[in-house]
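These values consider heavy atoms only, across backbone and side chains, with no hydrogens, waters or symmetry-generated copies. So you know, we letter chains A, B, ... as the sequences are listed, proteins then strands, and number each from 1.
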2 protein chains.
Amino acid sequence: MIAVTSCEGDMEIVDQGKYVRYTPEQIEALERLYHECPKPSSLRRQQLIRECPILSNIEPKQIKVWFQNRRCREKQRKEAARLQAVNRKLTAMNKLLMEENDRLQKQVSQLVYENGYFRKQTQNAALPTTNTSCESVVTNGQNHLPMQHLPRDASPAGFVNFSFSPV
Amino acid sequence: MIAVTSCEGDMEIVDQGKYVRYTPEQIEALERLYHECPKPSSLRRQQLIRECPILSNIEPKQIKVWFQNRRCREKQRKEAARLQAVNRKLTAMNKLLMEENDRLQKQVSQLVYENGYFRKQTQNAALPTTNTSCESVVTNGQNHLPMQHLPRDASPAGFVNFSFSPV
DNA sequence: TCCTAATTAGCCGTAACAAG
DNA sequence: CTTGTTACGGCTAATTAGGA
């Protein structure tokens with residue numbers, strides 16, 4: 001209770017009722033100290049209060065709590081930032097992969113086309129060939145495709161409609 | 001003021017010095033009400049207190065604050081979950097794209113190989129050809145590659161060392 | 001009518017505390 | 001200690017009252 005008036009005024013609340021906001025100067029000092037050492041010992045905390053006149057009116061317990069909350073906040077923010085960063089990275093990588101995929105698709109198309117052309121040439125001009133078959137020459141276990149239905153639509157699985165918002 | 005004893009016991013604190021944890025029953029009731037309406041009006045909140053005897057010892061202001069905090073928590077959790085979901089989606093998509101890329105790379109390799117073979121056949125067996133050039137036949141503005149340095153390393157940009165942790 | 005001061009309500013950040 | 005919860009100060013947007 002104790003309504004504590006309200007806005008306006010520099011009321012030195014003093015009375016340890018509860019809930020005070022530290023001044024910007026105090027925050028600045030605390031942040032600096034936190035940057036030096038995010039997890040000071042109890043002893044170290046007492047030193048800080050003595051060394052820093054700005055913090056002299058803050059109780060040791062409050063200092064302790066402040067560092068606790070500060071660590072917690074940092075952790076949360078770091079995790080959020082990390083997720084955002086990973087997202088950006090993955091999005092960027094996706095873009096690259098899509099472009100590369102596109103490029104390769106085009107390349108395959110062209111190669112298939114040229115291949116068909118050459119195949120025709122070979123067929124027409126060189127019937128007496130030493131080739132064992134008119135089909136695929138090298139078969140390294142994969143891609144046993146008959147070479148005739150490739151010209152387009154070389155996509156394998158279905159990742160067509162991946163909404164995927166920009167984070 | 002008002003130390004409020006501490007742990008243990010079912011102390012009916014009553015005196016609203018500060019900081020009380022609501023009982024599981026109260027939480028349950030509040031959660032249920034929240035599920036029905038996450039943002040009740042001031043009037044509605046007063047109704048709730050009257051209707052629900054479990055909440056009768058909680059002040060209107062506290063109810064208001066509870067709903068406020070509850071919304072805040074939900075928001076944070078939803079955002080975190082969303083990021084996680086997007087991350088999973090992107091990671092899965094990346095995997096698919098990588099596989100597809102790999103497949104296309106292999107396909108290009110094979111096609112280039114076959115192409116070379118056919119090209120050689122054509123050259124050897126059919127010198128008197130109507131072909132205008134021994135180089136690329138179709139040139140659709142893109143992929144003006146000389147066809148000789150493709151066999152491997154068809155990667156364009158540098159996405160080699162993308163650490164990319166699994167979320 | 002439009003504008004401006006005052007009140008109101010919600011959200012954000014954070015202090016303080018409890019539980020684990 | 002960390003994590004989660006209660007509570008509050010302060011900012012901002014939305015609403016309203018009163019005066020030019």
**Report entry** Crowding at CD, A:Glu28 (>12 non-hydrogen neighbours, <6.0 Å)
**Finding:**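 For A:Glu28, atom CD is not crowded (no more than 12 foreign heavy atoms under 6.0 Å).
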Requested in this report: Report yes if the side chains of A:Phe67 and A:Leu30 come closer than 4.5 Å at any heavy-atom pair, otherwise no.
Outcome: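 When only atoms from C-beta onward are counted, A:Leu30 and A:Phe67 do touch, with a gap below 4.5 Å.
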Query raised in the report: Would you say the side chain of B:Met93 lies within less than 4.5 Å of the side chain of A:Asn94, judging by non-hydrogen atoms?
Result: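 Of all side-chain heavy-atom pairs linking B:Met93 with A:Asn94, at least one is under 4.5 Å.
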Report summary line: Secondary structure of DNA chain D per the Watson-Crick/G-U criterion (both distances under 3.5 Å; [ ] crossing, | other strand, . unpaired) is ||||||||||||||||||||
Query raised in the report: Is any side-chain N or O of B:Gln62 closer than 4.0 Å to OP1 or OP2 of D:dA7?
Result: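 So the side chain of B:Gln62 is within the cut-off, an N or O lying under 4.0 Å from OP1 or OP2 of D:dA7.
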Query raised in the report: Does a side-chain N or O from A:Tyr22 land closer than 4.0 Å to OP1 or OP2 of C:dA16, or not?
Result: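 Yes.
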Report task. Only counting residues at least two apart or in another chain, list the ones meeting salt bridge (charged side-chain N to carboxylate O under 4.0 Å, His left out) with B:Glu25. Result ->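 Partners of B:Glu25 by the salt bridge (charged side-chain N to carboxylate O under 4.0 Å, His left out) criterion come out as none, since no residue qualifies.
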Query raised in the report: Quick one: what's the B/S/- string for nucleotides 9-14 of chain C, heavy-atom cutoff under 4.0 Å, read 5' to 3'?
Result: -SBSBB
With a cut-off of 3.5 Å and sequence neighbours excluded, list every side-chain donor-acceptor pair involving residues 32-41 of chain A.
{"residue": "A:Tyr34", "atom": "OH", "partner": "A:Glu74", "partner atom": "OE2", "Å": "3.3"}
{"residue": "A:Ser41", "atom": "OG", "partner": "A:Arg44", "partner atom": "N", "Å": "3.1"}

Query raised in the report: Sequence neighbours excluded, which residues qualify as side chain to side chain contact (heavy atoms under 4.5 Å, CB included) partners of B:Lys75?
Result: none
Query - side chain to side chain contact (heavy atoms under 4.5 Å, CB included) against A:Ile49, all qualifying residues, sequence neighbours excluded - result: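 Side chain to side chain contact (heavy atoms under 4.5 Å, CB included) check on A:Ile49 returns A:Pro60, A:Ile63.
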**Report entry** Sugar-phosphate only, base, or nothing, as touched by B:Ile27 at under 4.0 Å among non-hydrogen atoms
**Finding:** sugar-phosphate
Query raised in the report: Separation of A:Lys61 atom NZ from D:dC1 atom P, in whole Å?
Result: 13 Å
Query raised in the report: How close or far is atom P of C:dA16 from atom CG of A:Leu30, stated in whole angstroms?
Result: 11 Å
Query raised in the report: Ion pair present between B:Glu99 and B:Lys95, side-chain N to carboxylate O less than 4.0 angstrom?
Result: yes
